[in-house]
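Some notes on the structure that comes next.
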Amino acid sequence: MTQEQIEAISEDPKTFLLQGRNAQARIAAKRERIDSWRQLAESITVTLKADGGSSPGGYKQSLVENAACNIIDLENEIIADINELAGIEMVIHEAINLFVKDDRYRAVLEMKYLNGYGWRRIASKLYYGEDWVCRLHGAALQEMKRNAEISLLDGNKSC
């Protein structure tokens with residue numbers, strides 16, 4: 001865990017933990033764009049016409065070809081985003097294990113920020129009420145922040 005990551009946790013653990021969800025949202029948005037491009041490509045029927053020799057082969061680039069290229073580009077972006085997300089999730093998991101000692105707190109944070117569960121589902125999985133899960137979440141964030149701050153202070157003493 002880097003000094004910068006620990007500082008981010010000590011300032012606002014919730015924002016730090018939300019990185020994973022933000023990356024998941026970016027991936028989902030790109031997948032929607034791919035679906036849109038695929039629908040466009042499937043709806044296009046094109047006959048190529050000679051364009052007077054200005055492009056290789058003497059034909060204009062087809063709309064289908066443009067759509068296919070956009071789909072490939074977006075799929076490559078998604079692969080890169082998924083790799084980034086895997087790294088973010090590893091760091092979030094490491095931070096939760098490092099700065100949260102209570103197993104209940106860990107479970108709530110992992111279900112919320114790594115699994116993307118809502119309060120009702122977390123409550124159901126842990127056999128608690130939603131209000132109690134929200135309280136556990138707040139306490140978990142406080143513990144995480146406090147332990148990250150202590151870690152920063154301990155790190156500064158050794159310098």
Side-chain angles (χ1 to χ4, degrees), residues 1-43 63-159:
M1 177 124 318
T2 67
Q3 186 79 8
E4 184 179 285
Q5 291 167 332
I6 297 171
E7 287 171 4
I9 294 167
S10 71
E11 288 174 22
D12 186 5
K14 189 173 182 178
T15 300
F16 176 83
L17 293 169
L18 282 171
Q19 293 177 89
R21 189 168 297 162
N22 295 339
Q24 289 173 346
R26 282 195 328 261
I27 291 168
K30 288 178 183 176
R31 285 185 172 146
E32 286 179 22
R33 288 189 0 230
I34 285 175
D35 290 342
S36 174
W37 278 108
R38 281 197 173 115
Q39 288 174 356
L40 178 65
E42 290 169 359
S43 70
L63 296 173
V64 175
E65 187 178 353
N66 286 338
C69 288
N70 285 326
I71 290 168
I72 290 168
D73 290 344
L74 284 170
E75 286 175 341
N76 288 332
E77 286 179 30
I78 287 174
I79 290 168
D81 286 348
I82 288 171
N83 289 333
E84 178 186 348
L85 176 61
I88 290 169
E89 287 184 349
M90 282 180 19
V91 170
I92 290 171
H93 188 265
E94 179 185 353
I96 290 170
N97 284 330
L98 186 61
F99 297 121
V100 180
K101 302 306 174 202
D102 188 298
D103 289 336
R104 296 169 306 157
Y105 295 170
R106 282 183 183 173
V108 169
L109 293 178
E110 288 176 1
M111 287 185 207
K112 182 71 176 165
Y113 297 104
L114 294 174
N115 297 4
Y117 293 171
W119 299 123
R120 181 172 292 154
R121 189 163 183 198
I122 295 169
S124 166
K125 293 245 180 224
L126 296 177
Y127 303 103
Y128 293 135
E130 286 181 61
D131 289 344
W132 185 246
V133 168
C134 289
R135 286 189 197 118
L136 287 174
H137 175 259
L141 292 176
Q142 286 177 351
E143 181 179 315
M144 188 174 204
K145 179 177 178 142
R146 182 178 58 253
N147 288 337
E149 288 170 347
I150 290 168
S151 174
L152 285 173
L153 291 173
D154 289 346
N156 291 338
K157 287 179 184 175
S158 63
C159 291

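Predicted model, so just to flag it, every value in this text is computed and none were measured.
- Put simply, CD on Q19 and CD on Q5 are 7.5 Å apart, with the number rounded to the nearest 0.5 Å.
- A distance of 9.0 Å separates CD1 of I9 from CG of L152, quoted to the nearest 0.5 Å.
- The line from CD1 of I71 to CG of N66 is 11.0 Å long, rounded to the nearest 0.5 Å.
- Within 6.0 Å of CE on M1 lie more than 12 heavy atoms contributed by other residues, nucleotides or ligands.
- Scanning for salt bridge (Lys or Arg N to Asp or Glu O under 4.0 Å) contacts around D102 gives R104, with sequence neighbours left out.
- Residues passing the side-chain hydrogen bond (donor to acceptor under 3.5 Å, both in side chains) test with E94, sequence neighbours excluded: none.
- Interatomic distance, CG of N83 versus CD1 of I78, reported as 12.0 Å (0.5 Å rounding).
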Check: Does the pair Q24 and E89 meet the rule for a side-chain contact (heavy atoms from CB on, under 4.5 Å), with working shown?
Finding: CA-CA 10 Å; Q24 289 173 346; E89 287 184 349; 3.3 Å; yes
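- The side-chain hydrogen bond (donor to acceptor under 3.5 Å, both in side chains) check on N97 picks up H93, with sequence neighbours excluded.
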Next item on the list: Could you check I96 against L17 for side-chain contact (heavy atoms from CB on, under 4.5 Å), going step by step and ending with a plain yes or no?
Entry: CA-CA 9 Å; I96 290 170; L17 293 169; 4.1 Å; yes
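- Residue A23 comes nearest to I88 through the heavy atom pair CB-CD1, 4.1 Å, listed as atom of the first residue, atom of the second, then distance.
- Residues that satisfy the salt bridge (Lys or Arg N to Asp or Glu O under 4.0 Å) test with K30, not counting sequence neighbours, are E77, D81.
- Between atom CZ of residue R135 and atom OH of residue Y128 there is a gap of 13.0 Å, rounded to the nearest 0.5 Å.
- With sequence neighbours excluded, the residues that form a salt bridge (Lys or Arg N to Asp or Glu O under 4.0 Å) with E75 are R38.
- Evaluation of the side-chain hydrogen bond (donor to acceptor under 3.5 Å, both in side chains) rule for N147 yields no partner, not counting sequence neighbours.
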Name every donor-acceptor pair, under 3.5 Å, that has one atom in a side chain of residues 107-120 and the other anywhere in the protein, sequence neighbours excluded.
{"unit_1": "Y113", "atom_1": "OH", "unit_2": "H137", "atom_2": "NE2", "d": "2.6"}
{"unit_1": "R120", "atom_1": "NE", "unit_2": "E130", "atom_2": "OE2", "d": "3.3"}

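- Side-chain polar atoms of Q39 and S36 form no donor-acceptor pair below 3.5 angstrom.
- Residue pairs satisfying the salt bridge (Lys or Arg N to Asp or Glu O under 4.0 Å) criterion with at least one member in residues 141-150, sequence neighbours excluded, are absent.
- Considering only residues two or more places apart in sequence or on other chains, N76 meets the side-chain contact (heavy atoms from CB on, under 4.5 Å) condition with I72, I79.
- Evaluation of the side-chain hydrogen bond (donor to acceptor under 3.5 Å, both in side chains) rule for R33 yields no partner, not counting sequence neighbours.
- Partners of E11 according to the salt bridge (Lys or Arg N to Asp or Glu O under 4.0 Å) rule, which considers only residues two or more places apart in sequence or in another chain, do not exist here.
- Annotation: side-chain contact (heavy atoms from CB on, under 4.5 Å) contacts of A8 (sequence neighbours excluded): F16.
- No side-chain heavy atom of T2 sits less than 4.5 Å from a side-chain heavy atom of I6.
- Considering CD1 of I27 and CG of N22, their distance stands at 11.5 Å, rounded to 0.5 Å.
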